[in-house]
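Quick notes on the structure that follows.
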There are 2 protein chains.
Amino acid sequence: MTDLALPRGATQVGLAVDVAAFAMHASELHVLLVQRGELPHARDWALPGGFVHPGEELHEAALRELRTETSVELEPRHLEQFFTFGEINRDPRGRIVSVAHLAVLPHGTVSVSGGGHTLGAEWMPAHRTPKLAFDHQAILDRALGRLQLRLEYANLALEFLPDTFTLPELQGVYEAILNRKLDKRNFRKRLLAQGSLTPSGERRSGVGRPAQLYRRAKGTRTPAL
Amino acid sequence: MTDLALPRGATQVGLAVDVAAFAMHASELHVLLVQRGELPHARDWALPGGFVHPGEELHEAALRELRTETSVELEPRHLEQFFTFGEINRDPRGRIVSVAHLAVLPHGTVSVSGGGHTLGAEWMPAHRTPKLAFDHQAILDRALGRLQLRLEYANLALEFLPDTFTLPELQGVYEAILNRKLDKRNFRKRLLAQGSLTPSGERRSGVGRPAQLYRRAKGTRTPAL
DNA sequence: CCAAAAGTGTTTAAATTACACCCATGC
DNA sequence: GCATGGGTGTAATTTAAACACTTTTGG
């Protein structure tokens, strides 16, 4: 491999990543937002994101922005690129192309606080967010669409839950993402039939009858796509 | 909107597009390839593509590259971005991020010749291509996957055909893309049931019994996605 | 009348939907 | 013993898959 110069006329653009990071809280799907501390759009809420560093892969940049703009400590259980936003005027600072990523964080990722250049970070209900900076509402909409698609294909719902979980909890994840109610009996039938769950033997007590705990069956990791 | 400077540390990268353009020829799915005339990878076959110009939208760049690198005269009937390839070392000239596009050209787009910096352009069977430059085989593989997905969702198969077409022709498109045979009776049942085809009244004669001609039913344009 | 491709229906299996009551526990 | 949430089965409908022969035309 020879090292060659870029041809003349090759547009140099700012390369950024944005991350729509989802998690479940209180039976509702939440998305992680940060409050911007700088112009443009200072004080507006936005998806975490920023510029890719030299020598950094796209997914590494996505992870870094997630970690530094928020105090999220946990590794995402799923991370995928889903669309690239490149409209000329999407950012007033110049031509900035953003490769948007979808991330799933496990349950328990509750407390976040701002970091880096942000004033703060918060989990907000994904289906009703405040006005967002730039074209981030469009990015979020597309992320939600992709999330719903992935629910059917991959077992992506499992990534929202801890290692062991109950069937009503899993159903709650589906309902929060699809934004509609599902029939309990049909849901259980379908999920158990596909054989990707193993009963752990334990049960979880709370109010009402204790629920059977399940875990992901061996050899059913979410495919890489 | 204030005009602001890019922050320090913002990576500037070369922004490119590549296009996997498909069409049907002789009952086989073909992809449009160009033979490179310059380093790197001179004389290798590659997907048409190149750098985005300043002030040019991503899809405009994709269309321009398609037109200038090949002599394809027709408008694509479908064009969508499907993945962004950004690995650090995918191009020996430096950090070049390519937004890959999938295009569908209508039937009849037969003759192509090289243009611009290419030595030539050719339609090649999509499922068995020569060794390709850069990571273009990976791009093509992903394009084929996306094409198969779209077949189910949207009526993307119709975009491969002229305005009027026969059911056996349409089935041929499905079979070429899915790379397997389909049952004639079930295929017709399914397609006619979904009500997106209207018989034109005409028939097409050739060898054997003449076939009924159909056209796309009104109000069933392929969704924008 | 023969070759070639178009066209047509039925049966079976599988998947999806709708739907209502009993069970186990904590207080 | 009662409130709370967990758990279970069946019938009806829809959808998908398998499968072979007849029809129309040109030569």
Side-chain angles (χ1 to χ4, degrees), chain A residues 24-28 107 148-149 151-155 157-158 160-162 164-215 217, chain B residues 24-28 107 148-149 151-153 155 157-158 161-162 164-215 217:
Chain A
M24 292 294 301
H25 292 146
S27 304
E28 199 173 3
H107 196 79
Q148 292 182 0
L149 272 187
L151 205 52
E152 311 177 21
Y153 271 69
N155 289 340
L158 297 186
F160 282 89
L161 295 172
T164 66
F165 52 86
T166 68
L167 279 180
E169 283 169 352
L170 184 59
Q171 183 173 347
V173 175
Y174 273 77
E175 291 178 338
I177 292 175
L178 296 176
N179 213 11
R180 63 188 170 92
K181 286 282 177 206
L182 299 176
D183 181 274
K184 192 173 22 165
R185 285 163 289 190
N186 294 335
F187 178 79
R188 299 166 87 90
K189 210 185 309 171
R190 204 160 51 81
L191 265 286
L192 293 175
Q194 87 185 37
S196 52
L197 302 183
T198 320
S200 81
E202 315 276 306
R203 351 185 119 255
R204 166 170 307 163
S205 290
V207 186
R209 176 173 173 175
Q212 177 63 251
L213 285 171
Y214 290 83
R215 64 178 76 253
Chain B
M24 293 293 302
H25 292 146
S27 304
E28 198 173 3
H107 197 78
Q148 293 182 358
L149 271 188
L151 205 52
E152 311 178 21
Y153 271 69
N155 289 340
L158 298 186
L161 295 172
T164 66
F165 50 87
T166 68
L167 280 179
E169 284 168 352
L170 185 58
Q171 183 173 347
V173 175
Y174 273 75
E175 291 178 340
I177 293 175
L178 297 175
N179 214 10
R180 63 188 170 92
K181 285 282 178 206
L182 299 175
D183 181 274
K184 190 172 25 164
R185 287 163 288 187
N186 293 335
F187 178 78
R188 299 166 86 91
K189 212 184 310 170
R190 204 160 52 78
L191 265 284
L192 292 175
Q194 87 186 36
S196 53
L197 301 183
T198 319
S200 80
E202 316 274 307
R203 355 187 115 254
R204 166 170 309 161
S205 289
V207 185
R209 176 174 173 174
Q212 177 62 251
L213 284 171
Y214 290 84
R215 62 178 76 253

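Here is the naming used below: chain letters follow the sequence lines, and residue numbers restart at 1 for every chain. What you see is a predicted model; the values in this text were computed from it and never measured.
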* How many Å lie between CG on A/D183 and C1' on C/dA15, as a whole number? -> 15 Å
* Can you figure out which of C/dA6, C/dC23, C/dA5 approaches the side chain of A/R209 most closely? => C/dC23
* Structure fact -> With the side chain defined as heavy atoms from C-beta on, A/P210 is closest, among D/dG7, C/dT25, C/dG7, to C/dT25
* Structure fact -> Walking DNA chain D from its 5' end, the first of A/G208 and A/L167 to be reached, judged by nearest nucleotide, is A/G208
* Asked: Counting only N and O atoms by type, is there a donor-acceptor contact under 3.5 Å from the side chain of B/D183 to the main-chain atoms of B/N186?
  -> yes
* To do: Specify the separation, in whole Å, of atom CG of A/L182 and atom C1' of C/dA18.
  => 14 Å
* Structure fact -> Per the under-4.0 Å heavy-atom filter, residues of residues 184-201 of chain B near DNA chain C come out as B/K184, B/R185, B/R188, B/K189
* Asked: Is a side-chain donor or acceptor of A/Q212 paired with a backbone partner of A/P199 at a separation under 3.5 angstrom?
  -> no
* Asked: Are A/Q194 and A/S196 linked by a side-chain donor-acceptor pair shorter than 3.5 Å?
  -> yes
* Gap between atoms NZ and P, on B/K181 and D/dA17 respectively (whole Å) -> 18 Å
* **By side chain to side chain donor-acceptor pair (under 3.5 Å) - contacts of A/E152 (at least two apart)** => none
* Asked: Would you say the side chain of B/P168 lies within less than 4.5 Å of the side chain of B/R188, judging by non-hydrogen atoms?
  -> yes
* **Between C1' of D/dG6 and CD of A/Q212, the distance in whole Å** => 11 Å
* Asked: Separation of B/E152 atom CD from D/dT15 atom C1', in whole Å?
  -> 15 Å
* **Heavy-atom closest contact (A/L192 atom, A/Y214 atom, distance)** => CD2-CE2, 3.9 Å
* **B/R204 CZ - C/dG7 P separation (whole Å)** => 11 Å
